[in-house]
Each structure stands twice: as C-alpha cells, then as structure tokens.
Amino acid sequence: MIDIKAYRDAPERFSAGARAKQVAVDFGRLGALDAERRRLLTDIETRKSEQNRLSKEIGPQLGQLKGRLKGLAEGSAERAAVQSQLSELEAAPLALKNQIAVLEEEFRRIEPEWESILMTVPQPPATDVPVGASSDDNVELRQWAPAGFDPARGFMACRGFAPRTHLEIVKSHRMADFERGVKMSGTRHYILTGWGMRLQQAVLRMAFDMMTNENGFTPIGVPVIVQEQCMVGTGFFPAGREQAYHIEESRRGAGHDLFLTGTGEVGLMGIHAGEIVAESDLPIRYTTVSTCFRREAGAAGKDTAGLYRIHQFEKVEQVVVCRADDAESRQWHKTMIGFVETLLQRLELPYRLLQCCTGDLGVKNEDMIDIECWMPGRGELDAKGVPQGAYGETHSASRLGDFQTRRLNLRYRDANGKLQFPYALNNTVCASPRILIPLLEIHQQADGSVRIPEALRPYLGGAAEIRA
RNA sequence: GGUAGGGUGGCCGAGUGGUUGAAGGCGCCGGUCUUGAAAACCGGUAGGCCCGUCAGGGUCUCGCGGGUUCGAAUCCCGCCUCUACCGCCA
C-alpha cells in the first residue's frame, strides 16, 4: 500500500508509476473520494467532540434524574416533571447523535471504495528501472555459464549430441509420473518418483543449508495456509486473488476463509505484521522451504507439458527486512542475488540476469531482477525437430520499498525515536521441480545418463550420476 | 468434539455504564542528590487518523467486528485466540 499522504503531496509520482506499470487506477476518483472522506471525518469528529463535551457536562445529571425516576410513582406529577426535564436535557446530545449517524453512513458508503482504490495503487518503479511494456523490454545484465558451455552456440555444438527434453529424461529414468498425478489431482499435477524425488530433496536441502550455514539467514518454518489479511498484507491481494487457492471454511460455518500461499514470502513477511521491532533487530534475514500453491489462472495452454508450470511445488525463499534506506536496500538486493548466483554456479547451470522493465514489474515491487537458467529442451525446434534451447525463469529478486511493510503495519523505531516502515526484499533461492529442468537437461550425457554436479553429491549419498 | 474460565498500555495488574487513554507497580528515559554508581526523590514514558505553516487542538483504539445507550474497558451478539479438564487421535 502506498502512503496516502505521499500521494496527496505528489499524486503525479503515483499516476506516472501506475502508467509505467500498465496498471489501470482511477486516480481522479481516488482524489475525489479522499477529499470527501476527509471532509466527512472532520465534520464527524467535530460533532463527536461536542457530544463528548455535552456527555461529560450533563451525564451525571441524567444519571441522577433517572435514579429519581425509579422511586416515583407511575403517573405522578413529580414523575412527569422529572421526565420532561430528562427529555429536555437529552435533546441536544440526541440531535448530535442523529447528525453523526447520517454523516457516518455517508462515510461508510465511500470508505470501502476509497480503500479498495488505494489498495490497487502500485508501488512506483524505482527511477532507474528501464521503461518498457512487457518482458520483451527487459534488459540483460550479464550471463554466466560453466567452462566449456556456451548457450549461444547451442547444446549440440558444445556437447556433441542432440539434447533430450526433461520430459524424455524424466520418463526414461522414471523420475516423474504425470498421468497418475493428473488422475489424482487434475491438470498440472505430477508425482515425483525415485531419483526425481531424491534430486528435488537434495537440491532444496543444498539451497537451504547454504542460506542458513553460510549466509547467516534464520531458518523458519511457516504456515502455507493463511487468513486473508496475510495475503492482503503481503500485497498478493486484491490484485492476485484469482491466483490463490481459496478454502471456503466460512461456508461450513467457520469464522474465516483460508488461502494457500503461492510462496514462502507470505509466511515469512507475515511473522512480524503489526509489530514494532527494534532497529537493532534489523536487518531481519529469514529463509524457509515451503510448499507453494498456484492456480495459474489465465495461463491455460501455456507450458502445459512437464515440470515447468504446475500447481504445487517446493521453494526455498529468502526475505530481508532492512532499514528504510534506499542504498541499503539496493545493497541487499545485490547480496541476495549473489547467493543465487553462487548456488547456480555450484550446480553448474548456465544463467543470465535480467533487469525487468517497468511493464514487467508486479504491483508491489519497485525493482525486480529475474534470473533465468538456460534450458536445452526449451525453445523453437530446428529442421530436425531438435529444440534450440532457451532461457526460462527460475528466480526472481524484488525490492519492495515500504509497500509491503506499510500494508503489514510492520515498523521499527529509528535513532531519532521516529517510527518507520522498513524496506522489504525477497528472492527465490531454489524452486523445485522447475530447477530440475535445467539440472537434468544440462547435465545429461550422450548415453542417456545424467551427471550429478559435485556440489550436489553429498546430498545424494555420494552418487555421481543417474543411470537407467 | 464437549465443558469451564480468560484476553486491559513494553510487562504485571486494578477497574462491571458517566472527566478511565485507563489507578498502582515494574521496566525504560530525563533530572536532583553523589567524587562516581546504587538508593531515594521529582518529572516523563502507546499508536492510528483528521484539522493546523508552527504551537497546538480533535477523534478513535482496553483481542477483532457489530449492536444497545445521551454516554461502553464495563451490557448484548458473532468471530479470533489462550488456559484447564474430558473425549478422540498422528
């Protein structure tokens, strides 16, 4: 959520930001509602103030009179006198009460719309993020590949044989069972079997150990079933509501519905919602491994085959909450991306870094760098029907500024005693089974076996390759 | 799942319809005293929102939401949550 006061001071900053992100927001309506809302608030509060004053003034008298009333006989002249005195005294506060009721109804009529528009105003992109319409306008920052491999030349040229896709590799080694996965849960579901499951557990554990043992992140286990406020607080709602599985417990008489989280980020960021943390607790560095659920609404027909786009997967995630300082946030962004690069290099996977353009940013981030691994089995087919290979997104590193902490009401007290909303960042460490795609496709060997990179072997009982 | 009892400020804890945003204590911050510290004493010590250039003023918040009332921490309803006992169970 943006700061409404910042919006009042500089509305054009936010409207320009929304335009760059290609998010439609009715700013005219927001401005009008905001002015009206403030007018009503002032009006209501003035009257309430008067009401409170009156109440203190005549309240005790009213109490006394009502006490006397009890002792007086029904129909007596004295009773009538007291009664008329009572209604005289009550007239002024009663009138105020009615006026306030009318104003409050008006307030309640506009407040939800005001809030819902406010909630959809995206975080403006950082000033140095390249302007662009879609992922086609993203800018490549750099790439890396293990010695002797060059994605530009293609798999065949580097390795001397035509690559098989991960689908073929997985099938020949019985690492996954798509048919039964679909039988049980429907489209985009799968079962990992044998080496598939071992490989997934190994790579996740390797990533998790790296974050905790080497990088100093606190290991956390978080709920993946959360209440709506967690989704709103982390900025996934309302814009991404259709992407989350919704457990309608309220229909069974329970008080609240629940939602399955699409990333461990929700749980990690939700931990300190509503809290005021000590500045000395910053930066908060958390990592988790969690199951992620995504409906993939609107992605029908896209990446339907294989392990690329599925409804349920496992992910090691890292989040950082640091002081409200742009330079510090940028520094952490680099550091977190560095962790990912180290991991990918240990896994010997070619990758590239893309600076996402304004049009490719989500509502909540002001800066995002995607990391894509090169996947030999992706891309166009050549004349012989062999895939040319292509980069596919495996990681995403975002800087959110105070957008998320503001929504979560997560604050810290700075050196001057002032409360501040800290800046948040998050970044994939390793998401599986998607990461298995480049892992299998890059390390496949001419005879159909798959070589296991050295760094991963300790997590697989020392195994050096996967053979039929 | 059943029954019973709770949720008050950073913490403990008082408060069952009328200057109670909230006594008292602890903690914390500042000051006096002291060579210094401790003790003692004095003062301060939540946040959101609105108005205001500032000073300041107002309003809301006693788990959350709604209701009753001229007026609610206090009464009523729903929800969340904690504790104890019983039942069931990985």
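Residue numbers start from 1 in every chain, and the chains themselves are labelled A, B, ... in the order their sequence lines are given, proteins ahead of strands. Predicted model, so just to flag it, every value in this text is computed and none were measured.
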Trainee: Could you please name the partner base of G1(B), counting Watson-Crick and G-U wobble pairs only when both distances are under 3.5 Å?
Mentor: C86(B)
Trainee: Go ahead and name the base partner of A14(B); Watson-Crick or wobble counts if both distances stay under 3.5 Å, otherwise write none.
Mentor: none
Trainee: In the strands shown, is C79(B) matched to any nucleotide by a Watson-Crick or G-U wobble pair with both distances under 3.5 Å, and which?
Mentor: G63(B)
Trainee: At what distance, to the nearest 0.5 angstrom, does CZ of Phe421(A) lie from CG of Leu410(A)?
Mentor: 8.5 Å
Trainee: Look at Asn52(A) and G71(B) and indicate whether a side-chain polar atom (N or O) is within less than 4.0 Å of OP1 or OP2.
Mentor: no
Trainee: Given U59(B), is OP1 or OP2 found less than 4.0 Å from the side-chain N or O atoms of Ser49(A)?
Mentor: yes
Trainee: Please figure out whether Asp34(A) or Arg411(A) has its closest RNA chain B nucleotide nearer the 5' end.
Mentor: Arg411(A)
Trainee: For Tyr308(A), is the NZ or CZ atom of Arg434(A) found under 6.0 angstrom from the centre of its six-membered ring and inside 45 degrees of the ring axis?
Mentor: yes
Trainee: Any base atoms under 4.0 Å from Arg8(A), or only sugar-phosphate, or nothing? Heavy atoms, all strands.
Mentor: sugar-phosphate
Trainee: Please check this pair: side chain of His166(A) against backbone of Leu307(A), looking for a donor-acceptor N/O pair closer than 3.5 Å.
Mentor: yes
Trainee: If you look at every strand shown and take non-hydrogen atoms under 4.0 Å, does Arg39(A) touch a base, only sugar-phosphate, or nothing?
Mentor: nothing
Trainee: Does Arg413(A) use its side chain to pair, donor to acceptor, with the backbone of Val277(A) at less than 3.5 Å?
Mentor: no
Trainee: With both distances kept under 3.5 Å, what pairs with A38(B), Watson-Crick or G-U wobble?
Mentor: none
Trainee: Is there a side-chain polar atom (N or O) of Lys48(A) under 4.0 Å from OP1 or OP2 of G71(B)?
Mentor: no
Trainee: By the 4.0 Å heavy-atom rule, please label Leu96(A) as base, sugar-phosphate, or nothing.
Mentor: nothing
Trainee: What nucleotide, of G48(B), G71(B), G58(B), holds the atom closest to the side chain of Glu45(A)?
Mentor: G58(B)
Trainee: Using both distances under 3.5 Å as the test, list the Watson-Crick or G-U wobble partner of G27(B), or none.
Mentor: U45(B)
Trainee: Side chain to side chain donor-acceptor pair (under 3.5 Å) with Glu113(A): which residues, sequence neighbours excluded?
Mentor: Arg29(A)
Trainee: Using OP1 and OP2 only, check whether a side-chain N or O of Arg38(A) sits under 4.0 Å from G58(B).
Mentor: no
